[in-house]
Protein chains: 2
Amino acid sequence: MKQQLVFKALADGTRRDILRVLRSGSKSAGELSEEFSITKASLSHHLALLLSAELVRRERRGQQLIYSLNSSVAEEVMAILFGLFSHKEDS
Amino acid sequence: MKQQLVFKALADGTRRDILRVLRSGSKSAGELSEEFSITKASLSHHLALLLSAELVRRERRGQQLIYSLNSSVAEEVMAILFGLFSHKEDS
DNA sequence: TAGATATTTAGACTATTATCTAAATATCTA
DNA sequence: TAGATATTTAGATAATAGTCTAAATATCTA
């Protein structure tokens, strides 16, 4: 996991919102775009960043590209946060 | 806690490094600056962002300003990540 | 209180990022 | 295969962010 990519990806509110929307189930790019007031092109840009951070997965279903959460990376992020904030002598 | 401030603060590698350095104990701005190759002014800028996100605390000791971790915010961040990545029907 | 030390603030510059429109690519179906 | 649909990519633009130097502020001490 590339730490810098993950934290940059999480830094944007729209991208965090995308993750929240995907909590209720996988969605195509088009379905996702209905939830946001930005253009499909901008949304695609955000999805590309989430993908490169491996926070979401993508698979093609016919003409559609379906996006879904990749929860395993969340666990890694939390492990890093534990590392950032736990005092050294504590553990 | 202001989510946007926290995630923006964590998005920069230097700031994450500052948090890591502070794991081994509180440090003054000057002591911190010895660990980094940027100017004191730039470091001060990063510390201001970490402060505004409440990821660190600051107290004055004479001429020095001492910075230390604020671990409780880390727990909040992790709770948010759980929220972002856990599937809705799971819980 | 004057000078030294510690740190921040102000202002400028450059790089990165979020957004848009227009064009390109991929897939399906008649 | 032509046209329609779904999505991404390219290129441009405006806002944001990281860094620097120089100046300002706060505290200590002789």
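Keep in mind that what you see is a predicted model, and the values were worked out from it rather than measured. Quick note: numbers below take in every heavy atom, side chains included, and nothing from hydrogens, waters or symmetry partners. Throughout, a chain's letter reflects where its sequence line sits, starting with A, and its residues are numbered from 1.
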- prompt: A/Ala29 near the nucleic acid: base, sugar-phosphate alone, or nothing, with a heavy-atom cut-off under 4.0 Å?
  reply: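 Touches sugar-phosphate only.
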
- request: Give A/His45 one of three labels, base, sugar-phosphate or nothing, depending on what nucleic acid heavy atoms sit under 4.0 Å from its own.
  value: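 Counting heavy atoms under 4.0 Å across all strands, the contact made by A/His45 includes a base.
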
If the cut-off is 4.0 Å, is [X] near the phosphate of [N], judged by side-chain N/O to OP1 or OP2?
| X | N | result |
| --- | --- | --- |
| A/Arg60 | C/dA26 | no |
| B/Arg61 | D/dT27 | no |
| A/Ser42 | C/dT19 | no |
| A/Ser28 | D/dT7 | yes |
| B/Arg58 | C/dT8 | yes |
| B/Thr14 | D/dG18 | no |
| A/Arg15 | C/dA18 | yes |

message: Can you tell me the base-pairing partner of C/dT14? Count Watson-Crick or G-U wobble geometry only, both distances below 3.5 Å, and say none if there is no partner.
response: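 Answer to the pairing question: D/dA17, which forms a Watson-Crick or G-U pair with C/dT14.
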
message: Can you tell me the base-pairing partner of D/dT7? Count Watson-Crick or G-U wobble geometry only, both distances below 3.5 Å, and say none if there is no partner.
response: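 Across all strands, the one nucleotide that pairs with D/dT7 is C/dA24.
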
task: Could you pick out which residue, A/Gln63 or A/Lys8, lies toward the 5' side of DNA chain D when each is mapped onto its nearest nucleotide?
output: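 First, find each residue's nearest nucleotide; the 5'-ward one identifies A/Gln63.
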
